[in-house]
Amino acid sequence: MHYFVYKNDHLYCEDVSVSYVAEQIGTPFYLYSYSTIKRHFRVFEDAFNGLDHLTCFSVKSNSNLAILRLLASEGGGADIVSGGELFRAIKAGIAPDKIVYSGVGKTPEDMELALKSGIFMFNVESNQELQTLDKIAKDIGCKAPIAIRINPDVESKTHPYVVTGASENKFGIQIEDSLSAYALAKRLKHIDVKGISCHIGSQLTEIDPFVEALQKLKELLEALKKMGLDIKFLNLGGGLGITYNDEKPPHPLEYAGALRETMGDNNVTLILEPGRVITGNAGILVTRVLYTKSTKNKRFVIVDAGMNDLIRPALYNSFHAVQPVEMTHSEMLAADLVGPVCETGDFLAKDREMPAFKPGDLVAVMSAGAYSFSMASNYNSRPRPAEVMVKGNLLSVIRSREAYEDLISGETIPEFLE
Ligand code: LLP
């Protein structure tokens with residue numbers, strides 16, 4: 001459920017018409033619904049009511065400060081993967097003791113910053129990382145709280161680029177090697193072992209792989225108890241899918257129900273790292289048609305947003321629904337919705353039945369709240385689009401459109417070229 005609905009054939013985001021926003025700020029832009037984000041977070045949270053848990057929003061899915069602030073005020077923590085995400089999370093007011101830090105390539109500098117900020121724990125992904133973290137904690141004079149990220153080797157049936165929990169992926173430590181990693185962690189004086197973590201993949205539309213992974217974590221928990229390690233936290237990562245087209249992912253209630261059952265009665269807190277399920281369907285990309293043209297066997301609708309603004313179709317062949325902002329079209333035509341970037345892969349929709357768009361029309365590319373702006377780039381020297389949040393009839397530009405000056409900020413022409 002989201003708050004992008006048609007009223008008298010005009011697309012609205014809550015109480016604001018999308019074309020009004022376009023008039024005010026120009027195109028392209030990302031548009032987020034405050035009430036949708038809040039509702040998605042609450043539904044997810046409430047599904048786990050009664051079970052000891054901590055929800056850490058996955059910042060990489062959407063890292064805008066306003067969105068992080070909204071989730072912070074709902075009591076959410078953060079799952080971060082870089083010093084930059086740590087910086088954002090803290091700026092937005094997320095409590096450091098609700099921040100978990102994953103990633104295979106944490107730099108010593110970022111680890112130090114995270115330790116000094118007092119984050120909740122590191123999800124450590126290799127023995128070398130563990131040793132580096134121990135050394136940094138020693139230098140600071142503290143103990144680093146950690147979970148070891150296990151690669152549980154479960155099949156998650158999603159796009160190969162976003163599978164993370166299979167043995168050929170770079171993530172985590174192989175479950176067979178986990179006992180020796182924990183033994184090392186136990187020996188290291190400046191490491192405080194708190195949990196076990198995993199993340200098996202993204203956009204999962206079935207519950208079984210989650211249950212299977214959680215079972216593996218529980219088995220490991222028992223083995224670690226025998227080693228004398230007091231594990232209090234199991235982190236199952238994120239990954240719950242959403243509907244882009246006709247997918248039927250489990251409702252958070254179903255997901256939470258299955259995990260509750262698998263957890264059983266133990267004194268352990270469950271940590272969750274949802275991203276897409278919170279923001280994915282809470283945002284759209286709005287773009288304007290520049291031109292249309294046809295070749296012998298294809299029609300192209302050329303819009304002012306491209307793969308640099310939304311790379312998911314080009315990168316994963318992902319489906320994003322395409323809708324008119326004003327329902328004025330009587331005819332549907334098959335077309336490719338393409339951007340201005342000089343790449344054949346620059347498309348937002350391919351061979352799709354869509355309204356017979358004409359120049360000047362506004363187009364809404366749906367389900368663009370997660371991994372959309374956060375993956376945008378300046379390729380082709382295109383300024384990144386504005387981001388707007390609507391709450392009821394209130395509208396706020398939460399990130400202004402980049403200017404040409406922003407494109408070159410930080411660049412220098414060396415003296416030897418002058
Ligand atoms: N935790 C960890 C350690 C992760 O790596 C991820 C996502 C999440 C949590 C959140 O997963 P979610 O609940 O959003 O599925 N760019 C891709 C998705 C990459 C996901 C990377 N990791 C896409 O556009 O589909």
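First listed ligand is number 1; within each ligand, the first listed atom is number 1.
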task: Answer yes or no: does an N/O atom from Arg149 fall short of 3.5 Å to an N/O atom of ligand 1?
output: no
query: Looking at Pro274, which atoms of ligand 1 are within less than 4.0 Å of one of its heavy atoms?
result: 13 (O)
field: Atoms in ligand 1 flagged as close to Tyr316, the criterion being non-hydrogen separation under 4.0 Å
entry: 16 (N), 17 (C), 23 (C), 24 (O), 25 (O)
field: is_close_aromatic(His199, Phe171), centroid dist under 6.0 Å
entry: no
task: Using non-hydrogen atoms of the residue, decide whether Val277 is closer than 4.0 angstrom to ligand 1.
output: no
message: Below 4.0 Å from ligand 1: does a non-hydrogen atom of Ser61 turn up there or not?
response: no
field: Ring centres under 6.0 angstrom apart (Tyr255, Phe210)
entry: yes
query: Looking at residues at least two apart in the chain, or sitting in another chain, which of them share a side chain to side chain contact (heavy atoms under 4.5 Å, CB included) with Ile175?
result: Ile150, Ser178, Lys216
task: Look only at interatomic distance and state if Gly239 has a nitrogen or oxygen under 3.5 Å from any nitrogen or oxygen of ligand 1.
output: yes
- prompt: Could an N or O of ligand 1 be found under 3.5 Å from any N or O of Gly275, whether backbone or side chain?
  reply: yes
query: Does the pair Lys298/Asp336 count as a salt bridge with the N-to-O cut at 4.0 Å?
result: yes
field: Atoms of ligand 1 close to Ser202 [distance to a heavy atom under 4.0 angstrom, numbered from 1]
entry: 11 (O), 12 (P), 14 (O), 15 (O), 20 (C)
message: Does the residue Ala370 have a heavy-atom contact with ligand 1, meaning some pair of atoms that are separated by less than 4.0 Å?
response: no
query: Is the charged tip of Lys350 near the ring of Phe347: under 6.0 Å from the six-membered ring centre and within 45° of its axis?
result: yes
query: With a distance cut-off below 6.0 Å to the six-membered ring centre and an angular limit of 45° from the axis, does Lys106 pair with Tyr101 as a cation-pi contact?
result: yes
- request: Tell me whether the guanidinium CZ or amine NZ of Arg352 lies under 6.0 angstrom from the six-membered ring centre of Phe319 and within 45° of its axis.
  value: yes
field: Contact check: Asp79 vs ligand 1, nitrogen or oxygen atoms, below 3.5 angstrom
entry: yes
query: Numbering the atoms of ligand 1 from 1, which are under 4.0 Å from a heavy atom of Met375?
result: 16 (N), 24 (O)
- prompt: Who gets closest to atom 6 (C) of ligand 1 by heavy atom: Arg276, Lys60, Glu273?
  reply: Lys60
Under the salt bridge (charged side-chain N to carboxylate O under 4.0 Å, His left out) test, residues paired with Arg399 that sit two or more places apart: Glu402
